[in-house]
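Reviewing the structure listed below.
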Amino acid sequence: MTRILAFDTSCDDTSAAVVDTHVILSNVVSSQIALHQPYGGVFPTVAKLAHQQNIAPVCQLALRRAHLTPADLDGVAVTVGPGLAPALEIGITFARDFAAQHHLPLIGVNHLEGHLLSPLLTRNSAQKTPLQPPFPAATTLGLIVSGGHSEFIHLKNFGDYTLLGTTLDDAAGECLDKIGRMLGLGYPAAPVLEQLALEGDASRHPFPLPLTTRHDYHLSFSGLKTFARNLITKLQTNQGGPLTRTQICDLAAAAQAGVVRHLLYKLTKILDSPDFAGSNTVRHLFLGGGVAANLYLRSQLRALARARRFHLHTPVTKRLCGDNAAMIALPAALQLSDRAPHSNLALDRQPALDL
Ligand code: KG4
Ligand code: ZN
């Protein structure tokens, strides 16, 4: 048993959670979406102020919901990066003071490692988790898709990761948000776009498949964004007025299909590579990040998992896909219980941290 109080203030959510190794005892997320809506994106100084106001009550609520006091804890974890520097600073300062006051060890966690391992979290100790063998012995890949990142990772062990491919420009969530914004769907637009896509016909405006001539596993979403902008302008000019609801739904479905097709194309390339042949055949895929909540992405990945005989592991609830502190507690618990090597992160904010 390793009880961790964790904090994440990397972007626009103030979150505190209490986790016992991989079992979530509480996970409080105070969202700032309403504050940033007028700007159509995250406004750093507004985020910092909101984190400052929310962090103490969010921490108290997390402890109360877990029915624990600071004396019951084994450690404190906090996101050190990547993220918005002024936002990260609030969480780090609060966690550092809390740990010092209660004589607890303080562990800095990489936000991306949190997303990557989020499928290991469970809501109770009876629930199964891939934390038990065969993982990490069998070949395991990770796919992180969020508003800031899109990465393919080879998980060799806890704390031992190799980046296989990353986006050269926009992230998958950012691309869907930007196309959604062009369609007038507000902020963040991607969840609304997913709903409208259910009513749309993706085949009416097929999106191009990016980076097919490159032999690496990198991703690029800015071409899809440009394709959407040109298409919307053309449709509006031709009909001399705004898009109809049917057109918006068709474009939403086509954009979502385009993003997912690109992710699966590159994932298939990895599965087919000589590095993952024979005894290295991929057996597990961990999916994390805000876009992991997307049911169309999940269904396409599930079909691929069936065809290629690997297990797809997704976070147990949609809330665990988006930013939350429970996912920050887990890598810290693994470190404290020595199941993962210490990552030696300096406990200072690191806005541009890699895995
Ligand atoms: O992981 P996350 O909460 O924050 C970052 O670390 O970036 O991811 C947020 C991203 C946003 O782009 C948001 O629009 C997207 O995840 N997202 C979705 C869905 N829900 C949130 N994208 C596609 N489908 C969804 N249902
Ligand atoms: Zn995130």
Side-chain angles (χ1 to χ4, degrees), residues 6-15 17 27 29-33 36-37 40-42 44 47 78-84 87-88 91 109-119 121 142-151 153 166-167 169-183 185-198 200 221 224-225 252-253 255-263 286-301 314-315 317-328 330-331 351-355:
F7 300 96
D8 183 86
T9 61
S10 60
C11 191
D12 59 347
D13 292 305
T14 315
S15 181
N27 191 20
V29 181
S30 167
S31 167
Q32 301 177 11
I33 283 180
H36 299 289
Q37 232 144 20
V42 182
V78 64
T79 301
V80 293
L84 294 173
L88 290 165
V109 173
N110 184 319
H111 184 81
L112 294 175
E113 188 177 13
H115 277 307
L116 181 66
L117 300 185
S118 59
L121 291 163
L143 171 57
I144 303 173
V145 269
S146 72
H149 295 87
S150 309
E151 328 220 307
I153 292 143
T166 186
T167 180
D169 38 61
D170 292 351
E174 184 182 6
C175 171
L176 291 169
D177 285 338
K178 285 178 175 169
I179 295 176
R181 201 170 168 207
M182 294 173 205
L183 296 171
L185 308 182
Y187 165 84
V192 185
L193 185 137
E194 180 184 10
Q195 293 313 309
L196 293 179
L198 293 173
F221 294 98
L224 299 181
K225 186 182 64 186
Q256 182 176 262
V259 165
V260 170
R261 190 159 79 106
H262 180 35
L263 289 169
F286 283 24
L287 177 68
V291 185
N294 189 282
L295 295 183
Y296 177 72
L297 170 64
R298 285 187 183 205
S299 72
Q300 295 296 104
L301 281 174
T314 57
T317 61
K318 272 195 178 188
R319 274 188 80 215
L320 291 172
C321 297
D323 289 348
N324 69 90
M327 70 179 196
I328 301 307
L330 187 106
L353 199 60
D354 284 332
L355 254 182

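We count residues from 1, following the sequence as given. Here the structure is a predicted model, which is why all the values come from computation and not from measurement. Numbering of ligands and ligand atoms starts at 1, following listing order.
- At the shortest separation from atom 22 (N) of ligand 1 among protein heavy atoms lies Ala190 CB, 3.3 Å.
- Counting atoms of ligand 1 from 1 in the listed order, those under 4.0 Å from a heavy atom of Gly148 are 7 (O).
- Residues Asn110 and Pro82 form a side-chain contact, since some pair of their non-hydrogen atoms from C-beta on lies under 4.5 Å apart.
- Of the residues Asn294, Leu295, Leu301, the one that meets the side-chain contact (heavy atoms from CB on, under 4.5 Å) test with Arg298 is Leu295.
- Annotation: protein N, O or S atoms under 2.8 Å of the Zn ion (ligand 2) (waters excluded) comprise His111 NE2, His115 NE2, Asp323 OD1.
- Side-chain atoms of Ser15 come within 3.5 Å of backbone N or O of Ala325 as a donor-acceptor pair.
- For atom 19 (C) of ligand 1, the nearest non-hydrogen atom from the set Ser118, Ala171, Gly290 comes from Gly290.
- Looking at Asn324, its side chain does come within 3.5 Å of a backbone N or O of Gly322 through a donor-acceptor pair.
- Residue, atom and distance of the protein heavy atom nearest to atom 10 (C) of ligand 1 are Gly147 N, 3.3 Å.
- Looking at heavy atoms from C-beta onward, His111 lies in side-chain contact with Met327 at the 4.5 angstrom threshold.
- In this structure, Thr14 contributes its side chain and Thr9 its backbone to no donor-acceptor pair below 3.5 Å.
- Short contacts between ligand 1 and His111, defined as distances under 4.0 Å to a heavy atom of the residue, involve ligand atoms 6 (O).
- Not a single heavy atom of Gln256 sits less than 4.0 Å from an atom of ligand 1.
- Taking atom 11 (C) of ligand 1 as the reference point, the nearest protein heavy-atom neighbour is Asp177 OD2, 3.4 Å.
- Taking each heavy atom of Cys321 and Ala292 in turn, the nearest pair found is SG-C, 3.8 Å.
- Distances below 4.0 Å separate heavy atoms of Pro188 from the following atoms of ligand 1: 14 (O).
- Taking atom 24 (N) of ligand 1 as the reference point, the nearest protein heavy-atom neighbour is Asn294 ND2, 3.0 Å.
- The closest approach between Lys318 and ligand 1 stays at or above 4.0 Å for every heavy atom of the residue.
- The minimum heavy-atom distance linking Ala171 with Ser150 is given by the pair CA-OG, 3.3 Å.
- Every atom of ligand 1 is numbered from 1 in the order shown, and the set under 4.0 Å from a heavy atom of Gly173 is 12 (O).
- Checking only distances, Pro191 never comes within under 3.5 Å of ligand 1, N or O to N or O.
- Taking every heavy atom of His115 and a limit of under 4.0 angstrom, the matching atoms of ligand 1 come to 1 (O), 6 (O).
- Contact atoms of ligand 1 toward Gly322: 3 (O) (distance under 4.0 Å to a heavy atom of the residue).
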Applying side chain to side chain contact (heavy atoms under 4.5 Å, CB included), run through Asn27 and Leu320 and close with a yes or a no. CA-CA 9 Å; Asn27 191 20; Leu320 291 172; 3.6 Å; yes

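- When side chains are defined from C-beta on, Val145 counts as touching Leu287, because their heavy atoms get closer than 4.5 Å.
- In terms of heavy atoms, Cys11 sits closest to Asp323 at CB-OD2, 3.9 Å.
- Contacts classified as salt bridge (charged side-chain N to carboxylate O under 4.0 Å, His left out) and involving residues 172-182 (residues at least two apart or in different chains) are given here: Asp170-Lys178, Glu174-Lys178.
- Here the closest non-hydrogen pair linking Ile328 and Gly114 is CD1-CA, 4.3 Å.
- Atom 2 (P) of ligand 1 has Asp323 OD1, 3.4 Å as its closest protein atom, hydrogens excluded (heavy atom only).
- Under the side-chain contact (heavy atoms from CB on, under 4.5 Å) rule, Ser10 has a single partner from Leu88, Leu84, Val80, which is Leu88.
- Taking every non-hydrogen atom of Glu194 and a distance limit under 4.0 Å, the qualifying atoms of ligand 1 come out as 24 (N), 25 (C), 26 (N).
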